Structures are given as structure tokens and as C-alpha cells.
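Structure first, commentary second.
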Amino acid sequence: MSEAAPLRPLLSDGRGEMVVAPPGWVAVGQSGRTAVPFSRWLPLPRGSTLMHLPQRQALGRRRGKSEARVITGAHPLPVAAVLPVGYVRLLLPAHLTPASADTLPLYGYTAVADQDGRVMVAAARSDSYRPWTGRRPSGAALEAEVEKLQRALPRNRVVAQLSVCALRHSCLTAQNSFLGRGEGALPTSAACNADCLGCISLQTDSGAPTPQPRMPTAPTADELVEVGDQHLRRCEAAGEAGMVSFGQGCEGEPLLRDQVLRRVTTELRGRHPQATIHINTNGSRPEALRGLVAAGVNSCRISVFSFRQDLFAAYYRPRGYAIEEVLDSARVARAGGAQLTVNLLTFPGVTDTPAELELTVDTLRELEVEQLQLRSLNGDPNWLLSRLPELEPGVGMAELVVELAARLPRLRLGNFTRPVAAGAGAGLC
Ligand code: SF4
């Protein structure tokens, strides 16, 4: 059997030209603050984007040497991939960031390398659920559906917000609300009680641009019911039970609007007994969630960076709550019979440290979480690391997933929320 071709660093001149590092250089990725070899990779998936990291220095390793060093030359900038949905990052791009560098925009930067003329990426498939990974309608067909709903509900601010998200920010959940299929978005809240380092709708101190700016005003219960009802009616006409979700990328925290959302849920549940009424939340207000579950919310996804209080607080910068409230919210969802999913915001070198792995396994088991979503945390890697405590080395993201699957055999691993009673997750493949 012939030996596999070596992985060599990919570099950019910052003006759109990309080259492979000269022979003798070996590609490395980054786990936490440490440069490490690639242990698992796949060809760059369709739908990925390659980008250079401006103002940064690329790292590589000389063949036969163990330590990483800066690669100099006419193409000195590191290159990273941003993965499409359904893939999880295993390594960060290995690079150094000078103190004077601007903070990078919020993407899930992933290590790439060249192998015999093909671009490889340190990633694994995490889900292949067809409603999210299948073909989407053309831009013209989507625009026609957006205009149709705008004409039907001309003063509805949820429609106005979703129009921007669907057309300008390519938000698939917002697009579903116009297409009458799958999980339809119901953005609810302009405010939040956290200040996450990687919040994609509001950045308070990084200087990074936000990919989905926060909705400016909170909609009324009537506006939310109008949009949710038309979505669920169209789903039912197409033979689906239908699904709507509170808590989107363009908003704050829906639990801060629990009084309004109870009215919305009661109304939608009365009209659509089979529907999945879902909430994506930071889990900060268990009593508010209890009221929503009692009103008819039957699916809940809680986002978590870590179950460890100091790491949780360093990332979320929460106001008026702690990890204990988040755990209580999960217990409330389970006690109320709702489907419970945890959305783990993964970061190589943080999520996969031995201590994190143990705590994550124990907590998921205690909470009886049904599905674990593995999402690559977006943000400038070295900027995020500068805000977190120093940690022990990770065991590797792929090893983390193997451990989770082995020790929690009833836990579904995936990337997308299913409607209640729909099939299992795909697992990492
Ligand atoms: S909880 Fe959500 S909305 Fe609030 S700051 Fe964090 S990411 Fe942003």
C-alpha cells in the first residue's frame, strides 16, 4: 500500500492568491493555544468557504521537527475554511496574532491543508438531516414567497425581520417561514441577559462585525401568532405536523418575553395540536420556561459553552443567573415532557479537555438529554482564547465524540433539531 501524501500548509498573499508551502513544511492545526498535528481530516465539503486570516502569521512544522514555527515568504498569511452546516470543526487554523491585529469577524475558522493538490479540512460530518442539508429553492423562487407574505401581512414586524434574515443573511430557518416547510423562525426578543463572546447578533467589546444584527424591536403576540399560524397551516397542508421556534440568531433571549410567548404558545397549540413548538434558549430563567412548557412548548434546545461555572461565566458574561439556573431549566423541560436538546458550542482545546469531557458526560447523563448538537463556536480563535482561563491540553475533538457515543449510548449526536417524534440524529460519520 502506498504511503499517504503529506499534508502541507496552505498560505495566502492576502490578495486572493493561495499557494502550498514549499516542500519540507508539514501542516499543523491548533487546539487551544497549542499547535498540533492533523489526526483526522476529509476533503473540503461542498459549500465551504476558504478565507485568509489578515494580519496573522501562519504556523507550520519543518519535517522531522516537533515544534511549530512561523512560515515566512511572499504568501505569509494563514488560510482557514468555514464549513457548511452539518460539519463540526476538529482543529483551529494554527496561527499567531500580533497584539495590533483587528478582531476577526465571527466565523467558525477551521484548519485546512493541501494533500497532493486537494484541499483537506480538519472536520467531521456531524449530521445529514435532509430538511437542512438538501437542495433549497432558487433565489427568485424564495423572493417570490417573501413578497407574497409581505403582501399578506404588510405591517407585521416579524415578517419584516424575517425578510432581511432570509434574503440578506441566508438564514435557512427564516427562509422556511416563507416556504411553509420545516422549522419556521419566530424571532421574539430584542434584549438579552447575557453578553456572549461569540454572540452573532450583538458584539459589545470585540469590534467584530455581527453577521445577523439584533432585531430592533420586540414584536407583539398577535404578530408572532400570525406568522406562526400561517407557517403551521402550510406545513399541515403539505402533510407535515409543522414546527416553529422561538430564539433565533438575530435576536436576544426569548425567555425574557415569557408572558408574551405564553399567549403565543397557547394560541398556536390550540390551533395546531400536533405541531412542534420549540424554543432555543440560554436557559437562564427556569420558572419562565416552566410556564412556556405548561402552555404547550414541547421542544427545548439549551445552548451551553461549558457546564463549569467559571468557563460558563467567562463566555456568557451572564447578568443575574449562573450555570445552576441553566441546569434547572433543563430539568424543568424534562419534567414537563418536552424534548430536550443541548447545543454544545464546541472549541478545540476547551470542549475536549479531560475535565470538560468528564463533566459534560456526567451532566448530560444526569439531565437525560436526548440530543446533543455539536456546533463549532464562531469567533476569532485567539481573541476568544485570550478571554478564557488557561486549560489543560485537549484529547482531540474526534476522540471527544467517540467517548460521548460510547459512554452515552442513548444520546443522539447531531446538528439539527428534529420535530418531536421525528427520526434519530445521524451521529458523527
Ligand atoms: S444568549 Fe444568545 S442572544 Fe444572548 S448574548 Fe448569548 S448568543 Fe447573544
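Given the structure is predicted, the values throughout are model-derived calculations rather than measurements. All ligand and atom numbering here is 1-based and tracks the order in the structure. Numbers here are sequence positions counted from 1.
Checking T341 against Q373 by side-chain atom types alone, no donor-acceptor pair falls below 3.5 Å. Side chains of E356 and S306: a donor-acceptor N/O pair is present below 3.5 angstrom, by distance only.
Of all protein heavy atoms, the one closest to atom 4 (Fe) of ligand 1 is C192 SG, 2.2 Å. Annotation: atom 6 (Fe) of ligand 1 to nearest protein heavy atom, C196 SG, 2.3 Å.
Each of R412, R418, R334, Q339 was compared with E370 under the side-chain hydrogen bond (donor to acceptor under 3.5 Å, both in side chains) criterion, and only R334 meets it. Under the ring pair (Phe, Tyr, Trp, His ring centres under 6.0 Å) rule, F305 has a single partner from Y315, Y316, F347, F312, which is Y315.
Between E251 and R257 there is no salt bridge, since none of the side-chain N atoms of the basic residue sits less than 4.0 Å from a carboxylate O of the acidic one.
Of all the atoms in ligand 1, the ones that sit under 4.0 Å from a non-hydrogen atom of G252 are 3 (S). Atom numbering of ligand 1 starts at 1 in the shown order; those under 4.0 Å from a heavy atom of N282 are 1 (S). For ligand 1 and E251, the ligand atoms under 4.0 Å from any heavy atom of the residue are 3 (S).
The protein does not reach atom 2 (Fe) of ligand 1 closely, with no heavy atom under 4.0 angstrom from it.
Contact annotation: C199 places an N, O or S atom under 2.8 Å from atom 8 (Fe) of ligand 1.
Between S303 and N280, every side-chain heavy-atom pair lies at or beyond the 4.5 Å cut-off.
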